[in-house]
Number of protein chains: 2
Amino acid sequence: MASPQPPYPASARSADDDVLRHFSARERIAARGGRVTRTRLAVLEMLQHGSHPLSHDEIGDALASAGVAHDRVTLYRALDWLVEQGLARRIAGGERAWRFEGVRDAAHRHAHFHCDRCGQVVCLEGLEPAPATALPNGFQVERAELVLHGQCATCGHGDEEARPR
Amino acid sequence: MASPQPPYPASARSADDDVLRHFSARERIAARGGRVTRTRLAVLEMLQHGSHPLSHDEIGDALASAGVAHDRVTLYRALDWLVEQGLARRIAGGERAWRFEGVRDAAHRHAHFHCDRCGQVVCLEGLEPAPATALPNGFQVERAELVLHGQCATCGHGDEEARPR
DNA sequence: GGTCTTGTTGCAACATTGTAGCATTAGGCG
DNA sequence: CGCCTAATGCTACAATGTTGCAACAAGACC
Ligand SMILES: [Mn+2]
Ligand SMILES: [Mn+2]
Ligand SMILES: [Zn+2]
Ligand SMILES: [Zn+2]
């Protein structure tokens, strides 16, 4: 998990360093031997600062609003790469599209809440998905995904204000 | 949840009855005021007897093998209807397609295991997803979905025999 | 059993989300 | 500055659902 990638830069640093001090998105990308490109950089910065997981589509819109030109496919590939490198995480909200969030602490996993009215997903930092359980023989768990479904605070305000999507 | 649908048959029965005695798929469909059609009937029978959740595609293949002619869209609609009626449940495996399973006990929820090698999903009847937790203010949980990811018993046998999908 | 009503089907067209192939561009090192 | 090749930006394609609508058939009523 901290094994060096081929063309590591001179000032190599382990993935764990990222947890302790905070490096810039540019540095974190370069440290993994990847080229710092427009899309990767903008996406990683967005994910690092964002507070909740975003879909490919939402990220694309945000990039467009920020005036960052980008291609749909390139965005998919940038996200895949960030996930491979452990810089982002892909989570499976209740809808059909993946959502992505920046990884701050690689060791820390948390559950998510999916609002079935507005579709918003929020992180439940305090809630760690229970991993250890008696499984059928021969099964081996690698990770657990816990998604709570219901109604978020905003959607619960005035009676059914927000419309479903 | 047990509120009667418009055209209820004379011998109306509540959804809970289904739990106690077991009615035929034909009866359970009719009891909800739905028309008993080829596809609905075959699908519900399949789901009731199946041991693990199936995707739309797998169900379609199974129907074909069993010689039950059906249309792709009709199958989607039959599944939607069964879910609406509480006769089936839709779960969000780690892949892009929904999976469906028959509902035996409406009150009983359980977690699932998703094998990341072969894609198989198995029910963890013993494991109930923890619902009660301290949520941000104003949030209201309706249900919890817990999916464990890892390697199933079959895939764990010979070193990496089954290939990923 | 025959008729009527309307819930369901079956088809074609479309939408969303993601991948594959491949020529072209541009990141970063010397 | 120039080179090498990782990444991009297209265009197609694949997988999974959804929508609209005319035709059909389930089942209630006689
Ligand atoms: Mn999160
Ligand atoms: Mn199950
Ligand atoms: Zn909401
Ligand atoms: Zn497996």
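The figures that follow rest on heavy atoms only: side chains count, while hydrogens, waters and symmetry mates do not. By convention in this document, chain letters (A, B, ...) are assigned in the order of the sequence lines, proteins followed by strands, and residues within each chain are numbered from 1.
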Respond yes when some side-chain nitrogen or oxygen of A:Trp98 is under 4.0 Å from OP1 or OP2 of C:dT17, and no when none is. no
Could you tell me whether the phosphate oxygens of C:dT8, OP1 or OP2, come under 4.0 Å of any side-chain nitrogen or oxygen in B:Arg40? yes
Ranking C:dT9, D:dT19, D:dG17 by distance to the side chain of B:Thr74, first place goes to C:dT9
Check the side chains of B:Glu145 and A:His114 for a donor-acceptor pair under 3.5 angstrom, ignoring hydrogens and angles. no
Which nucleotide in C:dC11, D:dA26, D:dG9 has an atom nearest any side-chain atom of B:Arg35: D:dA26
Are any non-hydrogen side-chain atoms of A:Val36 and A:Arg40 less than 4.5 angstrom apart? no
Send over the distance from A:Glu84 CD to D:dA7 C1', rounded to a whole Å. 13 Å
Spacing between B:Asp80 atom CG and D:dG17 atom P, to the nearest angstrom: 10 Å
At less than 3.5 Å, do the side-chain atoms of B:Arg77 and the base atoms of D:dG20 form a donor-acceptor pair? yes
Residue whose closest nucleotide on DNA chain C lies nearer the 5' end, B:His70 versus A:Arg26: B:His70
Would you mind telling me which of A:Glu58, A:Arg99, A:Gln120 makes a side-chain hydrogen bond (donor to acceptor under 3.5 Å, both in side chains) with A:His52? A:Gln120
For A:Val73 and B:Ser55, find the nucleotide of DNA chain D closest to each by heavy atoms; which residue's nucleotide sits nearer the 5' end? A:Val73
Proximity to the side chain of B:Ala97 - top-ranked nucleotide from C:dG10, D:dT16, C:dT8: D:dT16
Measure from CZ on A:Arg90 to C1' on C:dT19 and round the result to the nearest Å. 12 Å
For a quick test of reading the model: is some side-chain N or O of B:Arg72 closer than 4.0 Å to OP1 or OP2 of D:dG17? no
So does A:Arg96 reach the base of D:dT16 with its side chain, donor to acceptor, closer than 3.5 Å? yes
Rounded distance (Å) that lies between atom C1' of D:dT16 and atom CG of B:Leu75: 12 Å
Mind calculating the distance between CG (B:Leu41) and P (D:dA25) to the nearest angstrom? 17 Å
Rounded to whole angstroms, how far apart are CG on A:Leu82 and P on D:dA6? 18 Å
If the plane angle is over 60° it's perpendicular, under 30° parallel, otherwise tilted; pick one for B:Tyr76 and B:His56. parallel
Taking the side chain from B:Arg109 and the backbone from B:Ala144, do they hold a donor-acceptor pair closer than 3.5 Å? no
Do B:Ile29 and B:Trp81 make a side-chain contact, defined as non-hydrogen atoms from C-beta onward lying under 4.5 Å apart? yes
Is A:Thr37 close enough to C:dG27 that one of its side-chain N or O atoms is under 4.0 Å from OP1 or OP2 there? no
In whole angstrom, what separates A:Leu79's CG from C:dT19's C1'? 14 Å
What's the OH-C1' distance between B:Tyr76 and C:dT9, to the nearest Å? 17 Å
Candidate nucleotides C:dG18, C:dT8, D:dT18, ranked by approach to the side chain of B:Trp81 - the nearest: C:dT8
For a quick test of reading the model: is some side-chain N or O of B:Arg38 closer than 4.0 Å to OP1 or OP2 of C:dG10? yes
